[in-house]
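To start, the structure under review is shown below, and the notes come after it.
Chain identifiers are assigned alphabetically (A, B, ...) following the order of the sequence lines, protein sequences preceding nucleic acid strands; residue numbering begins at 1 within each chain.
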Amino acid sequence: MNEDFINQEHEPISTEDLSSILRQLIDAISRAQEGQAGLEEIYKEALYSLKKATNVERASILLFDPDRVMRFKSWLGLSETYRKAVEGHTPWSPEDESPDPIVVTDIYKDETLEKYYPIFQAENMSALAFIPLLYRKKVIGKFMLYSRVPYDFTADMTSTLAIAQLVGYAVIRNKIEMEREEYLRKETEARLYAERNVELRDEFLAIASHELKTPLTPLLLNFQLVKKYLKSMEDEIPKARLMLHLFSNVDHQFDKFIRLVDNLLDVSRINAGSFTVRKEKINLSNLILEIFQKFELDLKKMEYVVDKNIEENIFINADTIKLEQVFCNLISNAMKYGLGNPISITFKKLNDKIHFEITDHGIGIAKEDFAKLFKRFERVSSIEYYGGLGLGLYISKNIVEAHGGQLTVDSEEGKWTTFTVEFPIHEISFKDIDESQIWTH
Amino acid sequence: MQVKKLHFDDNDPSFCESTLIIEDDEDIRESFKFALEFEGYRVFTACNGKDAISVLSKIPKPCLIFLDLMMPVMNGVEFLKAIENEKAYSSIPVVVVSAFTDRAKNIKVNQIVSKPIDLAKVLDIAKEYCAH
């Protein structure tokens with residue numbers, strides 16, 4: 001190498017000095033990882049490290065942007081005109097694997113660079129080095145070293161490559177970190193969005209059930225009044241009896257409608273944590289019999305044979321209306337899915353439990369669907385064949401649990417299904433009325 | 001059908017068969033009024049709490065108030081607060097009739113009835129409070 005080519009007096013750097021320079025760079029990278037410094041500072045630190053380790057006066061860092069164009073990220077001693085003129089120029093593509101550094105000792109002897117001569121002249125450059133920045137062997141960017149006079153950078157390569165490796169690592173670390181933050185931000189956003197939607201849905205349920213009840217109130221009231229009138233004159237006007245008969249299933253439909261609306265309201269109450277049960281001492285045996293009687297006509301119509309075995313006078317401290325809801329739900333489910341096959345109902349004291357079970361021999365439920373059954377708005381049966389809001393069992397389970405009990409299912413698909421309700425006997429106390437118990441779900 | 005004999009003598013101190021329905025929905029108000037009148041009660045109506053205070057000042061003291069909760073201008077809870085310190089009115093039994101019975105949990109009323117109204121139930125209540 002001709003002495004004249006060297007731009008400065010340059011002794012190869014000692015190992016100790018290089019270690020110290022690298023340590024400083026590593027410090028900057030660590031600070032960036034802890035969020036105390038940005039990539040900009042790492043670039044600057046890297047360029048100063050280069051300058052110290054190699055005595056190169058001018059250098060730059062360029063990275064591939066997502067659009068695959070190599071762009072300046074940081075530089076020392078370069079004019080804007082020069083940067084604009086050469087930006088985008090790269091000997092490598094992002095797909096190139098572990099390319100070697102390129103050293104141009106004398107620009108003006110390299111004809112491939114001829115078109116850039118005027119730019120190099122204006123910037124007073126005579127030698128160049130391209131050092132690839134790699135991550136997993138792929139090119140992510142480059143270091144550029146520049147010299148005013150012809151110069152062979154090969155002697156500086158050890159230090160430069162060490163610095164390049166650190167910078168490559170820092171850039172990727174930063175990118176991963178940014179992507180992680182972006183992912184977390186998006187995830188939080190999606191979660192908040194989902195939560196807000198659930199909130200809106202619950203709010204909607206509460207409002208919708210209220211709004212549905214408003215027209216239902218005068219409708220039902222007038223209907224009841226008309227029935228009362230008709231009943232008062234059924235002995236005198238024969239058609240009154242016929243009309244009363246016609247109205248008999250309207251009652252039934254009103255009940256169904258009110259139950260649906262109440263279900264919506266219950267769900268919004270459960271979600272809002274404002275669901276309450278009012279316990280009093282009740283004869284659960286009688287309640288179950290009464291509920292069964294309500295269904296008797298429908299069961300007959302659907303040709304169900306029911307084997308019922310109900311132990312008398314079992315008392316419990318419970319909310320009558322709410323438990324009625326549970327047993328109505330279980331019986332109507334058995335009718336809905338029972339395919340007209342025999343149904344059995346058992347109610348008795350069993351060990352230390354009050355035990356109710358209802359078994360139908362209908363479509364059955366697959367074992368993997370058991371958990372899904374009790375979730376709100378979930379339905380196991382096909383919407384193509386069976387209607388309903390998918391709320392009954394969710395509400396029932398919540399009601400039973402609010403009484404300290406358990407609602408469970410067992411089934412064999414295509415054969416039978418048994419729902420079991422159990423209340424611990426110690427739950428029965430003979431206090432007349434328990435305070436309304438606020439139950440937060 | 002046997003319709004009860006109506007007592008409309010405001011000067012009769014034993015008279016205690018008038019009720020006041022405070023309800024903003026006109027259809028509900030009218031049906032409800034009709035149902036009670038059919039049973040022989042004298043029924044006054046108001047479309048919100050503020051209206052009710054004005055009605056109360058012009059009518060004989062009712063034996064029972066049926067009160068809706070969600071109403072414009074002055075809602076049920078505000079109405080109860082407004083009459084709380086009015087000796088003449090605070091002693092009148094109040095039955096809340098609402099689709100949102102949860103809201104009545106923390107207020108002091110004699111009874112809570114959920115909408116849609118069960119006619120038999122409200123007639124039982126009227127009988128209980130308006131017995132004379």
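Counting only distance, with no hydrogens or angles, the side chain of B:Glu39 and the backbone of B:Leu36 share no donor-acceptor pair below 3.5 Å.
Interface remark: B:Asp25 contributes side-chain atoms only to the contact with chain A (heavy atom separation under 4.5 Å).
The shortest heavy-atom contact between B:Leu67 and B:Phe79 is CD1-CD2, 3.8 Å.
Residue-level contacts of residues 113-122 of chain B with chain A, in order of numbering, are B:Ser114, B:Lys115, B:Pro116, B:Ile117, B:Asp118, B:Leu119; threshold 4.5 Å between heavy atoms. Chain B is approached within less than 4.5 Å, heavy atom to heavy atom, by A:Ala206, A:His210, A:Lys213, A:Thr214, A:Leu216, A:Thr217, A:Pro218, A:Leu220, A:Leu221, A:Asn222, A:Gln224, A:Leu225 from residues 206-227 of chain A, ordered by number.
A donor-acceptor contact closer than 3.5 angstrom is absent between the side chains of B:Ser54 and B:Lys50.
Scanning for side-chain contact (heavy atoms from CB on, under 4.5 Å) contacts around A:Asn333 gives A:Asn329, A:Tyr337, A:Leu393, with sequence neighbours left out. Residues forming a side-chain hydrogen bond (donor to acceptor under 3.5 Å, both in side chains) with B:Thr19 (at least two apart in sequence, or on another chain): none.
For A:Arg191 and A:Glu195, the salt-bridge test passes: some basic side-chain N is under 4.0 Å from an acidic carboxylate O. For the pair A:Asp266 and A:Arg269, the salt-bridge criterion is met [side-chain N within less than 4.0 Å of a carboxylate O]. Using a 4.0 Å cut-off between charged nitrogen and carboxylate oxygen, A:Arg196 and A:Glu199 count as a salt-bridge pair. A salt bridge is defined here as a Lys NZ or Arg NE, NH1 or NH2 lying under 4.0 Å from an Asp or Glu carboxylate O, and B:Arg29 with B:Asp24 fails to meet this definition.
To the nearest 0.5 angstrom, A:Asn283 atom CG is 5.0 Å from A:Asn313 atom CG.
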